[in-house]
Structures are given as C-alpha cells and as structure tokens.
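First the structure, in the form of structure tokens, and then the observations on it.
Quick caveat: nothing in here was measured; it's all calculated off a predicted structure. The basis for the numbers below is simple: all heavy atoms, side chains too, and nothing from hydrogens, waters or symmetry mates.
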Amino acid sequence: MRVEIWTDINCPFCYLGKARFERALAEFPRRDAVEVVHRSFELDPTLPAGETGPVVAKIARKYGISAAQAAANERGIGAQAAELGLPYLTEGRDYGNSFDMHRLLHFALAEGRQDDLLDALYRANFAEEASLFGDAERLVEIAVATGFDEAEVRGVLADPTAYADAVRADEREAARLGATGVPFFVFDNKYGVSGAQPSAVFAQALERAWADSEPASQIVGDAEACGPEGCAVPGRN
C-alpha cells in the first residue's frame, strides 16, 4: 500500500502532521508493507527566489490580524509541537521560496532517502535559528550533514531544471485531486485526508485503505449451505 503526502517546508502543520501520521503508522500491524512518498506543494509559488522575511509579519498580513495575534498563533503551534516531542521556535523564524528544497527532496527520493532529508529540512526551518531560505550553502550543509554527496547536491542546486518537472508534476496532481492546502494525504490512491489530523484519524485511514486493497474472495456457484442460524432445509421457502 502506498501513502502519498503533499507538503511544503514552510508549513508548520506539515511538520506536525508528519509526526502524527508516523505515530499511527508505527502502531499499524502491516506497517512494513506501507510505502510512504512525499510530494511537492508550494504554499506560495509566486515568491521570488531569495526573498525572505519574518513569519509573524507575513501571517499578520495574510490573515488581516495583528502581530500580537500572529505571535499567539505561533505559540499555539509551538505547544502542539511540544506535545509531539518536536522542537519549535515560536520567534524569529522566516519564510521563503521552497522550490529548490522540493527539487532536492526529489533527488533524495531517487536516492532512497527522501524521509531523512525532509526531517532535516523541517528541523532546520522549525527548530534552528539559522535561516533556511535564500541560501544555497545552507541547503548544501543540511543535505551533506544528512549523508548526501556534496558534489551531487551542488549539481542539483546549480541546475534549475534538475527535478523541476517532478515538482511541477506533483503540484499538478495535487490540483487534480482538489488539494488546496497541506498537508494532504492520499491512501492507496483511494482516500484523502486533509490537514494535521489526530493520529487516530490516520490509523483509521490506514486500516480502511488496507482492507480495501485486499482481494475479495471469489464465490462461484450457489447451493445449500449452513451458517450461524442453521442449515437451509430443502423444499422450504
């Protein structure tokens, strides 16, 4: 069974949702038969590369709320992260264009280590003070620390076409599926779950998708038989 998860590094609920999903997956009896693939979704693809700014100010502008309200929202997300054992900086974070990160995540997928790089990017964005956006050297540093080859990482970042089509294909598929925000989970191409839901919701989705993926027994013919209520009596209606 395959679970596809559309995310963006800018999205704190993607950070939380991944942890909640993984808790459910860890308890799923057939977890070794589940393939998890992370797909690309840019929250703001119009942001120029290299542009960055404080998250709190951006949230306040986007939702028409005060800076104090936006800061309170960040503290609320930080509290949710703490419940999951995730580090989270509630002050001083920034935002920016994430396209190069998505390209690197597709490179990591080809290398069979996508989840490792995604975790490292989340930590860098949500738990470390150094800016993640607009700095290719920072991305190289994170990828190399995660175990990827430096020359290969630099090659991907230096070529703006590398894995770009894969990112755009993910985004087109998200639009086709009707996803307007992230995280967005698709279970075996049948069931969608939107948002950083509680682990119990993900557990239910895993069970349902698995049950539907099992082949139904084929019944051939129809004759007298016995069941819990007894046996059919010939000649009686």
Side-chain angles (χ1 to χ4, degrees), residues 3 5-27 36 38-44 47 51-102 104-105 108 113-135 137-147 179-185 193-203:
V3 180
I5 310 173
W6 274 262
T7 59
D8 187 30
I9 308 304
N10 282 291
C11 170
F13 292 110
C14 296
Y15 182 46
L16 303 184
K18 184 176 187 292
R20 290 172 180 163
F21 168 76
E22 287 175 346
R23 284 191 175 187
L25 183 61
E27 298 297 322
V36 179
H38 298 280
R39 300 298 189 193
S40 301
F41 189 106
E42 295 172 274
L43 285 176
D44 189 354
L47 280 174
E51 178 180 308
T52 187
V55 164
V56 168
K58 181 176 178 61
I59 292 173
R61 289 194 304 271
K62 181 175 181 178
Y63 296 105
I65 60 178
S66 69
Q69 289 173 311
N73 288 345
E74 279 291 284
R75 291 193 295 272
I77 296 171
Q80 292 184 56
E83 291 176 358
L84 293 165
L86 298 175
Y88 191 91
L89 291 175
T90 59
E91 297 179 358
R93 288 197 310 106
D94 60 359
Y95 68 90
N97 184 290
S98 57
F99 190 69
D100 281 348
M101 297 177 207
H102 287 297
L104 280 178
L105 285 168
R113 297 188 54 213
Q114 187 188 42
D115 201 66
D116 293 341
L117 183 58
L118 181 59
D119 281 340
L121 291 171
Y122 277 151
R123 285 194 303 271
N125 187 36
F126 295 111
E128 298 176 8
E129 293 184 357
S131 176
L132 182 62
F133 300 97
D135 185 352
E137 288 302 313
R138 176 82 168 123
L139 294 181
V140 171
E141 174 190 328
I142 292 165
V144 171
T146 309
T180 58
V182 285
F184 186 73
F185 299 75
V193 175
S194 181
Q197 299 283 351
S199 295
V201 173
F202 292 125

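- Residues Ala196 and Pro183 approach most closely at N-CG, 3.8 Å, considering heavy atoms.
- Checking side-chain atoms of Gln80 against main-chain N and O of Leu16 turns up no donor-acceptor pair under 3.5 Å.
- Looking at Leu47 and Phe99, their side chains never come closer than 4.5 Å, going by heavy atoms from C-beta outward.
- Taken from CG in Asp8 to CG in Leu121, the straight-line distance is 10.5 Å, to the nearest 0.5 Å.
- Here the side chains of Arg138 and Glu141 are in contact, with some heavy-atom distance below 4.5 Å.
- With a 4.5 Å cut-off on side-chain heavy atoms, Met101 and Leu117 do not count as touching.
- Residue pairs meeting the salt bridge (Lys or Arg N to Asp or Glu O under 4.0 Å) criterion with at least one member in residues 86-97, sequence neighbours excluded, are Glu74-Arg93.
- Of all heavy-atom pairs spanning Ala24 and Ala203, the tightest one is CB-N, 3.7 Å.
- In this structure, the side chains of Leu132 and Ile142 come closer than 4.5 Å at one or more pairs of heavy atoms.
- Rounding to the nearest 0.5 Å gives a distance of 10.5 Å between OG of Ser98 and CZ of Phe41.
- Two residues are said to be in side-chain contact when any heavy atoms from C-beta on lie closer than 4.5 Å; Asp115 and Lys18 meet this criterion.
- Asn97 is not listed as a side-chain neighbour of Asp44, based on a closest heavy-atom distance of 4.5 Å or more.
- When side chains are defined from C-beta on, Asn73 does not count as touching Val56, because their heavy atoms never get closer than 4.5 Å.
- In terms of heavy-atom proximity, Asn125 sits nearest to Phe133 at OD1-CE1, 3.4 Å.
- The shortest heavy-atom contact between Gly96 and Asn10 is O-ND2, 2.9 Å.
- The shortest distance between side-chain heavy atoms of Leu105 and Thr7 does not fall below 4.5 Å.
- Scanning both residues, Arg20 and Pro198, for their nearest heavy atoms gives CD-CA, 4.5 Å.
- From Tyr15, atom OH reaches atom CG of Leu118 across 11.0 Å, with rounding to the nearest 0.5 Å.
- Enclosure of atom CD in Glu27 is not indicated, since only 12 or fewer non-hydrogen atoms of other residues, nucleotides or ligands lie within 6.0 angstrom.
- To the nearest 0.5 Å, atoms CG (Leu89) and CZ (Phe126) are separated by 10.5 Å.
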**Request:** Begin with the C-alpha distance, continue with both residues' side-chain angles, and end with the deciding distance and a verdict on side-chain contact (heavy atoms from CB on, under 4.5 Å) for Phe184 and Ile5.
**Result:** CA-CA 6 Å; Phe184 186 73; Ile5 310 173; over 6 Å; no
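- Heavy atoms only, all atoms of each residue included: Tyr88 and Gly78 are closest at CD2-CA, 3.5 Å.
- Remark: Ser199 engages no residue in a side-chain hydrogen bond (donor to acceptor under 3.5 Å, both in side chains) (not counting sequence neighbours).
- Between Phe185 and Phe21, the two ring planes are tilted [angle within 30° to 60°].
- Note: Thr90 OG1 to Ile77 CD1 = 10.0 Å, rounded to the nearest 0.5 Å.
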